[in-house]
Amino acid sequence: MWLIDAFSLYLYALKYVALVLAVIILISGVDDLFIDIVYWARRLWRALRIYDRHPRFDPRLLHQMDEKPLAIMVPAWQEHGVIGKMAELTATTLDYENYHIFVGTYPNDPITQGEVDEVQARFPNVHKVVCARPGPTSKADCLNNVLNAITQFEQRAGLKFEGFILHDSEDIVSKSELRVFNYLVGRKDLIQVPVYPLPRKWHEFTGGHYLDEFAEMHGKDVVVREALAGQVPSAGVGTCFSRRAVEVLIKEGNGIAFDVQSLTEDYDIGFRLKAHGLSEIFARMPVDAPNDQGVPPHRLFGRSLREASTVAVREYFPSTFSTAVRQKSRWIIGIVYQGFRTHRWTDSGVMNYFLWRDRKGAITNFVSFLAMLLAAQLIMIWAYTQVVPDGYKFLSIFEDDPLLMGLLLINLCLMTNRMVQRIIFVSSYYGLIEGLLSVPRLLWGNIINFMANWRAVRQVLATGDSRRVAWDKTSHDFPSLGEPGRARRPLGQILVEQGAIQESQLTAALQTGVRGLRLGSQLVHQGIVTPEQLAQAIAGQGHVGWEPLDGLALASALIAQVPARIALHYAVLPLREEDAVLVLASESNVNPVSLAAIGRKLARPVRYVIVPKGQVVVGLRHWYARRRTPSGRDLLDRVVAAGGLTEAEAAVIWREYVSVQLLLGDVLQSLGRIDAAALGAVLLRQERSSSSLGRFMVREGVIPRSVLDEVLQLQEQHQGSMLTLLQRAGKTPALQADLMKVHVA
């Protein structure tokens, strides 16, 4: 009997535990209800009083602004198998051109470095950054190294990035994201777009509960926070900082922008910028088609097409219990424990309210779990009395207690509202099935949050200081989208495989080199390979086709379809039309970012083929040069007309003349004065200028005048002149005098 008495006493104590839990849950529930009321009232007000007088945002405005230079920062520690796919997918899908991706790697992580090297070889706007210290350090430390590399690149390219964007290696970046940032940066100093996790299988509750939390948080909670407090917490991905914001962070941190001891440096930055009076915005813009966001193109029941087209970051979140607990415990330590030490209560009641909402999870995560345990015990006692008719009958802990019954009834209503709100926001983006699954996932999420909270407490107690807790990296998945990337093989290796040169010739060419010429040009100038052999090798390197071309024999109507600024910028000539597709000729591989930009600027699909060296150069000078001067072809034709050469002899000389023509940018790169990425950035700015490339670079401070003079001298030296070629043909002194007269004339 003593056991029965002890259990009855336990139930009596449980009643008061339930009372305390009910009061805490009530406070939290009323808090959440307040956010619901503000959100729906604000939404109703905007529908009735705002949008009836002002039209909704027109996405076409995003394309009417000049592209500002933007830098994407991606920290990567042991992200092999992920970072390469992310960088390639981002570089091939973004509806933007004036951006660069900087990937932070570590000296003791060669596999990740190798993946970044492969992508960097194909995309000149992707840059590998190697951190100073071996990894893992912290995300903030990696970002500081990346920011330092960005500063060095700015000096080389003579530009200043207007926006600095945070992303992780597992992110799928919306194709219009940079358009949104470009539209807002400068007016706003912190811009955050929503994060919507990619859905997993219906029974994977761990990965699925992230859908529920982010759909409600970024669909409603952050919207209300911005409206009431004007403060937006960075999600760590899909965040853009203005240049002014970065400069403020660097100045405040005595040269270090990101707090290396913080596990949630992104959350921390939102408060730091707000304290300096900088402007923050949570940008929810329905711009993309739903399937551009990784959502199936067909209509899902219960899904809002407008919500599903919101520009957002997509990614897979952890799908196993242990990884989810580790990730969330890091968030809790950074936001609750480190955040409390860094950001004390303020003089603003509204700001303190949202600080309370950020930190209440340290209490409510435990309370929710205990409430679940309490409910489970009561259900088991009830089941016992139903299954065992002759068993003991225990008094209900709710007996004769209207206060507890009232609290439970109110909490039941608040819980029902929570479930309805979650179903609404999950369904609006993922469809009704996922919305309904959010209800059972709510219970599973409570368990994950409890274990994460418990782990966070143990880590803080073990170290004695929340800022000494080590960074615990989460492993990532990346979806299989599109074709796998193809590594770019060295040009010399391809030429050897084609039989164009011998291994010994390649070795000799690499060892000797010719100042002002890259390998392919050097081999052509030395007569080791023909322009056609080089074109075939370059085409094989880029997995495209090649074909012969006479750069002067193009139709004027075709030339008119490509403006000079585009042709000169990308060094391409319009070759022909294939139905709706415009085929372009290039002497080098056009990276996918530039090819997509050409298509956007011409408002039509384009593709390219490789043509023999020099044909595009002479074609550009003939069709698009800003100042027309007598060309080598003019001189050659006049000599033929004067009877000094046969047509066959002239063809040989013309072929030699064309094959040695060089672009100024090629000579600069061969000298190491500028790399392809920096040159691309310069060309983007120079596209709107009337100055020549060389003068523009000197004026912008990219290169000094002395370097330009050296480059022009080398260009002239390697190209030679038509007069020199004619004299080399072995003409008589009398004919040489005639040639001089023709040349002068």
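With D675 contributing its side chain and A677 its backbone, the two residues share a donor-acceptor pair below 3.5 Å. For the pair E67 (side chain) and N98 (backbone), a donor-acceptor distance under 3.5 Å is present. Listed for the S670 side chain is a donor-acceptor partner under 3.5 Å among the backbone atoms of V667. Side chain of D95 to backbone of K175: no donor-acceptor contact under 3.5 angstrom is found. Using modelled atom types, one side-chain atom of Q522 and one backbone atom of A509 make a donor-acceptor pair closer than 3.5 Å. Side chain of H569 to backbone of Q686: no donor-acceptor contact under 3.5 angstrom is found. Proximity of a side-chain donor or acceptor of D171 to a complementary backbone N or O of E315 within less than 3.5 Å is not detected. Between the side chain of Y624 and the backbone N or O of I559, at least one donor-acceptor pair lies under 3.5 Å. The backbone N or O of V313 lies less than 3.5 Å from no partner atom in the side chain of S174, so there is not a single donor-acceptor pair. At least one donor-acceptor pair under 3.5 Å links the side chain of D550 to the backbone N or O of L552.
Annotation: side chain of S176 is not in contact with side chain of Y96 (no heavy-atom distance under 4.5 Å). N182 is not listed as a side-chain neighbour of L62, based on a closest heavy-atom distance of 4.5 Å or more. Two residues are said to be in side-chain contact when any heavy atoms from C-beta on lie closer than 4.5 Å; P69 and F161 meet this criterion. With contacts defined as side-chain heavy-atom distances shorter than 4.5 Å, the pair V173/T93 does not qualify. I150 has its side chain out of reach of V129: every pair of non-hydrogen atoms, C-beta onward, lies at least 4.5 Å apart. Side chains of V496 and Q502 form no contact here, defined as non-hydrogen atoms less than 4.5 Å apart. Looking at heavy atoms from C-beta onward, L534 lies out of side-chain contact with L523 at the 4.5 angstrom threshold. No side-chain heavy atom of Y570 sits under 4.5 Å from any side-chain heavy atom of L683.
The minimum heavy-atom distance between V572 and I566, with the atom names listed, is CG2-O, 4.4 Å. Nearest heavy atoms, G163 versus V185: CA-CG2, 4.1 Å. Listed here is the closest heavy atom pair of E700 and G158: OE1-O, 4.3 Å. Taking each heavy atom of N145 and C131 in turn, the nearest pair found is OD1-CA, 3.6 Å. Closest of all the heavy-atom pairs between P75 and L143 is CD-CD2, 4.0 Å. Between Q541 and P490, the shortest heavy-atom contact is NE2-C, 4.0 Å.
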Check the pair L519 / L510 against side-chain contact (heavy atoms from CB on, under 4.5 Å), numbers first and verdict last. CA-CA 7 Å; L519 177 63; L510 292 173; 4.1 Å; yes

Please report the C-alpha distance between M697 and V707 in whole Å, then the side-chain angles of each, then the deciding distance to 0.1 Å, and finally whether the side-chain contact (heavy atoms from CB on, under 4.5 Å) criterion is met. CA-CA 10 Å; M697 295 177 74; V707 170; over 6 Å; no

After noting the C-alpha distance and the side-chain angles of V130 and Q113, does the key distance pass the side-chain contact (heavy atoms from CB on, under 4.5 Å) rule? CA-CA 8 Å; V130 181; Q113 284 196 49; 3.7 Å; yes

Yes or no on salt bridge (charged side-chain N to carboxylate O under 4.0 Å, His left out) for E97 and K601, after CA distance, side-chain angles and deciding distance? CA-CA 11 Å; E97 182 183 15; K601 293 174 181 179; 3.2 Å; yes

With side-chain contact (heavy atoms from CB on, under 4.5 Å) as the criterion, how do I653 and M722 come out once you've worked through the C-alpha distance, each side chain's angles and the decisive distance to 0.1 Å? CA-CA 8 Å; I653 293 175; M722 179 59 71; 3.7 Å; yes

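For the atom pair CZ (F123) and OG (S594), the distance works out to 10.5 Å, reported to the nearest 0.5 Å. The line from OG1 of T507 to CD1 of I501 is 8.5 Å long, rounded to the nearest 0.5 Å. For the atom pair N125 CG and Y99 OH, the distance stands at 4.5 Å (nearest 0.5 Å). Here the NE2 atom belonging to H622 is positioned 10.5 Å from the CZ atom belonging to R633, to the nearest 0.5 angstrom. From L575, atom CG reaches atom CD of Q615 across 11.0 Å, with rounding to the nearest 0.5 Å. Taking CD1 of I83 as the start and OG1 of T112 as the end, the distance is 8.0 Å to the nearest 0.5 Å.
A salt bridge links R705 and D709; the closest N-O separation between the charged side-chain nitrogens and carboxylate oxygens is under 4.0 Å. The residues E497 and R489 are annotated as salt-bridged, a charged nitrogen and a carboxylate oxygen being separated by less than 4.0 angstrom. E154 has no carboxylate O lying under 4.0 Å from a charged side-chain N of K160, or vice versa, which leaves the two without a salt bridge.
The distance between the ring centers of F102 and F153 falls below 6.0 angstrom.
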Indicate every side-chain donor-acceptor pair of residues 659-666 with a distance under 3.5 Å to a residue at least two apart or in another chain.
from: S659; atom 1: OG; to: R655; atom 2: O; distance (Å): 3.4
from: S659; atom 1: OG; to: E656; atom 2: O; distance (Å): 2.9
from: Q661; atom 1: OE1; to: R621; atom 2: NH1; distance (Å): 2.6
from: Q661; atom 1: NE2; to: Y657; atom 2: O; distance (Å): 2.8
from: D666; atom 1: OD1; to: R518; atom 2: NH2; distance (Å): 3.0

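The closest side-chain donor-acceptor pair between E177 and H167 falls under 3.5 angstrom.
By the 6.0 Å contact criterion, CD on Q713 is open, its count of non-hydrogen atoms from other residues, nucleotides or ligands being 12 or less. Within 6.0 Å of the CD atom in E647, the count of heavy atoms belonging to other residues, nucleotides or ligands does not exceed 12. More than 12 heavy-atom neighbours from other residues, nucleotides or ligands sit within 6.0 angstrom of CD on E577.
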